[in-house]
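Notes follow the structure.
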There are 2 protein chains.
Amino acid sequence: MLKPDMSKKAIIHDADACKGKLRSVHDTLDILSGKWKISIISSLSINGKRRFMELQRDVEGIGAKMLSKELKELEINELLVRTVYDTKPVTVEYELTPYGKTLQAIIYEMSIWGIQHRKRITGR
Amino acid sequence: MLKPDMSKKAIIHDADACKGKLRSVHDTLDILSGKWKISIISSLSINGKRRFMELQRDVEGIGAKMLSKELKELEINELLVRTVYDTKPVTVEYELTPYGKTLQAIIYEMSIWGIQHRKRITGR
DNA sequence: CGGGATCCCACCGGATACTG
DNA sequence: CAGTATCCGGTGGGATCCCG
């Protein structure tokens with residue numbers, strides 16, 4: 001009577017494991033939601049500290065409103081910090097937190113894939 | 001006269017390298033654009049072959065129209081293949097191509113990050 | 001079952017102007 | 001410079017009906 005129960009449990013466990021993986025990816029996508037966040041994080045990941053205008057130049061196509069909104073969301077999720085300097089006119093710098101830097105593994109894989117994809121498309 | 005030129009070249013090269021990394025990430029984001037593609041690929045990555053309705057259940061919240069559209073784009077980019085079986089009623093299966101499976105490294109990293117993120121949020 | 005066609009609306013997001 | 005406010009169009013995406 002043990003074998004049947006165990007196989008049943010195993011099946012349930014597998015289903016749970018699948019749901020768990022789907023859910024974990026979904027959780028990450030939630031944090032990285034929107035069209036620009038990953039590009040913003042990439043720029044900060046590569047360049048370190050970055051000012052508003054610099055980010056706008058790095059992230060091709062983004063407008064000030066969207067950049068502002070995305071930065072705010074990333075700050076709320078503790079992926080980056082905003083620092084205001086009392087200069088004239090004001091200077092604002094954005095920088096990844098240690099936690100934000102943990103996303104670099106994802107960014108790295110996306111960079112690798114993008115490079116080989118471009119080769120694949122243009123190279124034949 | 002060589003030193004100044006070399007340092008200048010080095011600077012230019014670094015700027016190009018930055019732009020290249022940003023571009024490669026951007027290229028990947030282009031292919032994976034939209035709200036659902038990564039979830040779809042995740043499901044196919046975990047489950048293997050998958051039917052339309054199964055995918056709709058896996059990808060929580062997606063409607064038939066969006067699922068159809070996203071699948072079409074993924075097929076055009078050769079990340080998955082669509083197979084129609086002549087049953088009654090018709091059966092359609094989607095499956096990652098070998099090329100589509102090269103995205104698994106990205107999915108994997110996103111899964112890892114999502115798991116630790118959930119721990120971080122819920123565990124304190 | 002696996003979608004396409006149509007209708008419809010929320011909101012994403014761009015352009016511009018303005019403020020501290 | 002670093003945003004905010006306002007206006008406004010495009011489209012992402014849901015609901016429903018329909019067809020092979």
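Letters A, B, ... are given to chains in the order of the sequence lines, protein chains preceding strands, and every chain is numbered from 1. Below, each value reflects all heavy atoms present in this structure, side chains not excepted, and no hydrogens, waters or symmetry copies.
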Pairwise 5' ranking along DNA chain D for T91(A) and K65(A), keeping only the more 5' one: T91(A)
Separation of dT11(D) P from E73(B) CD (nearest whole Å): 13 Å
Value in whole Å for how far the P atom of dG3(C) lies from CD1 of I62(B): 12 Å
Distance test, side-chain N/O of W36(B) to OP1/OP2 of dG12(D), below 4.0 Å: no
Touch class at under 4.0 angstrom, heavy-atom based, for Y94(B) against every strand present: sugar-phosphate
Same apolar cluster: L22(B) and M53(A), side chain cutoff 4.5 Å: no
Y94(A) and F52(A) aromatic ring geometry - parallel, tilted or perpendicular at 30°/60° bounds: tilted
Sugar-phosphate, base or nothing in reach of K35(A), heavy atoms under 4.0 Å: sugar-phosphate
Touch class at under 4.0 angstrom, heavy-atom based, for M53(B) against every strand present: sugar-phosphate
Euclidean distance, atom NZ of residue K72(B) to atom P of dG12(D) [Å, nearest integer]: 14 Å
Separation of dA15(D) P from Q56(B) CD (nearest whole Å): 11 Å
Short side-chain N/O contact from R51(B) to OP1 or OP2 of dG2(C), under 4.0 Å: yes
Rounded interatomic separation in angstrom, taking CG from L71(B) and C1' from dG13(D): 15 Å
Earlier contact from the 5' end, DNA chain C, for G34(A) and F52(B): F52(B)
Atom-pair distance (CD on E93(A); P on dA2(D)), nearest Å: 9 Å
Comparing A64(A) and V90(A) on DNA chain C - which has the more 5′ nearest nucleotide: A64(A)
Side-chain N or O of S68(B) closer than 4.0 Å to phosphate OP1/OP2 of dG4(C): yes
Comparing K69(A) and P89(A) on DNA chain D - which has the more 5′ nearest nucleotide: P89(A)
Same cluster (ILVMFWY, side-chain, under 4.5 Å), I46(A) and L79(A): no
Length of the CD1-P vector between I40(A) and dG13(C), whole Å: 11 Å
Value in whole Å for how far the C1' atom of dA15(C) lies from CG of L67(A): 16 Å
same_hphob_cluster(L74(A), I31(A)) at 4.5 Å side-chain heavy-atom cutoff: yes
Candidate nucleotides dT4(D), dG14(C), dA2(D), ranked by approach to the side chain of M66(A) - the nearest: dG14(C)
I121(B) reachable from L103(A) in the ILVMFWY side-chain graph, under 4.5 Å edges: no
